[in-house]
Amino acid sequence: MVETPNHIEEEHNQLLQTALFRHVPPQEAEELLPFIKYGSFSKGDYIFHEGSTDKCMYLLEEGKVKLTRESNDDRVQLLSIHSRGEVLGEIPVFDPDGGPRTASAVAMVNGTRVGCLDRETLFRWLNKHPFVAVNMLQVMAARMRANNERMSDLVFKDVPARLAKTLLDMAMRFGKPVEAGVKVPHDLTQEELAQLVGSSRETVNKALMDFSDRGWIARDGRAIIIYQPGMLIRRSRR
């Protein structure tokens, strides 16, 4: 659950590194920080639910979160993964009709921490500092561009190309250098990885085995070590 407002000293507040605050002068960010409600979540906890009607925008301070949708027959689709510094759940905040949430947000790791900004507080602050709205537009434009690119990939690219691109994206966002290459801890089940690629588990596993046989990657539990990123880049473009 999200806790009551709690001020955190500016120099220790990682929320200042999120997309919303990154280019905001500290003295102006300080006006808003005391109104942010903070919450910590364990792995598997829901931060918000699909269909709910709250009007909060969430700032991911620490951890990792996945966005999911559920069908009428209880099938779950993984939409995207988000990490520290990203904005979540902004659609109901800026939707003039106040529609419900289009996805659920689930903590992927223990110690996931988010800040919550209610719509009224955010809009009062944006009215006072309208240039900050440009930052929000840039965040949403980048999100829209990524969604459009993913839809195009589903139409024009085969599964190995989409998988290669997904691995490279995760490497850029979550990867850690190791002696052999880049270790990418994705924290996903095989089914979730397949959903992220937009294919079946069997087809994605076949592509992973092919990449492994070629020496491009190695699987290590819920992590992948990338040995030859250049080959994945080349495959992602075919």
Side-chain angles (χ1 to χ4, degrees), residues 1-2 18-19 37 39-95 98-117 139-140 142-155 157 159 162-163 165-174 184-205 207-208 221-224:
M1 296 294 292
V2 176
T18 63
K37 298 179 180 180
S40 295
F41 299 85
S42 300
K43 181 178 180 179
D45 287 347
Y46 280 78
I47 299 167
F48 56 79
H49 289 267
E50 179 183 355
S52 63
T53 56
D54 68 285
K55 299 297 185 293
C56 277
M57 183 177 70
Y58 293 85
L59 310 171
L60 183 48
E61 179 185 17
E62 196 64 51
K64 195 181 296 183
V65 172
K66 60 184 177 182
L67 294 184
T68 66
R69 293 196 70 170
E70 188 171 337
S71 66
N72 292 331
D73 58 359
D74 297 328
R75 289 179 297 166
V76 177
Q77 175 68 42
L78 174 62
L79 301 177
S80 56
I81 300 173
H82 300 271
S83 59
R84 174 183 171 184
E86 297 190 48
V87 176
L88 302 171
E90 72 278 6
I91 293 177
V93 175
F94 292 98
D95 183 353
R101 294 204 174 276
T102 58
S104 297
V106 185
M108 297 179 65
V109 295
N110 291 327
T112 293
R113 182 172 170 84
V114 299
C116 172
L117 272 170
V139 170
M140 289 187 282
R143 189 79 54 85
M144 183 178 296
R145 181 188 296 275
N147 287 338
N148 289 342
E149 188 170 339
R150 189 180 183 207
M151 286 189 288
S152 295
D153 288 346
L154 288 171
V155 174
K157 293 183 181 292
V159 172
R162 298 203 302 269
L163 174 61
K165 190 171 182 178
T166 298
L167 295 178
L168 290 167
D169 176 67
M170 290 194 296
M172 182 177 63
R173 299 168 66 197
F174 313 127
V184 185
H186 54 73
D187 302 307
L188 299 174
T189 66
Q190 292 182 350
E191 185 65 31
E192 288 175 326
L193 181 58
Q195 291 174 1
L196 197 59
V197 174
S199 185
S200 68
R201 185 176 63 181
E202 293 76 15
T203 304
V204 169
N205 277 338
L208 283 171
R222 292 194 178 185
I224 289 175

The single option from H186, H82, E86 that satisfies side chain to side chain donor-acceptor pair (under 3.5 Å) with R173 is E86
Partners passing side-chain hydrogen bond (donor to acceptor under 3.5 Å, both in side chains) against E149 (at least two apart in sequence or in another chain): K165
Any non-hydrogen side-chain atom of F48 less than 4.5 Å from a side-chain atom of L67? yes
So, do R101 and C56 sit near enough that their side-chain heavy atoms are less than 4.5 Å apart? yes
Student check: side-chain heavy atoms of M57 and L59 closer than 4.5 Å: yes
Step through the shown structure and confirm whether more than 12 heavy atoms of other residues, nucleotides or ligands are within 6.0 Å of CG on N72. no
Answer whether the closest heavy-atom distance between the side chains of L167 and M170 falls below 4.5 Å. yes
Here the gap from L78 atom CG to R69 atom CZ, rounded to the nearest 0.5 Å, amounts to 13.0 Å
Which one of V159, L154, L163 satisfies the side chain to side chain contact (heavy atoms under 4.5 Å, CB included) criterion with S199? V159
Between atom CG of L193 and atom CG of N205, what is the distance when rounded to the nearest 0.5 Å? 8.0 Å
Quick one: are M108 and L188 in side-chain contact, heavy atoms under 4.5 Å? yes
Do I81 and D187 have side chains that get closer than 4.5 Å, going by heavy atoms? no
Say you draw a straight line from OG of S52 to CD1 of I47; how long is it, rounded to the nearest 0.5 Å? 12.0 Å
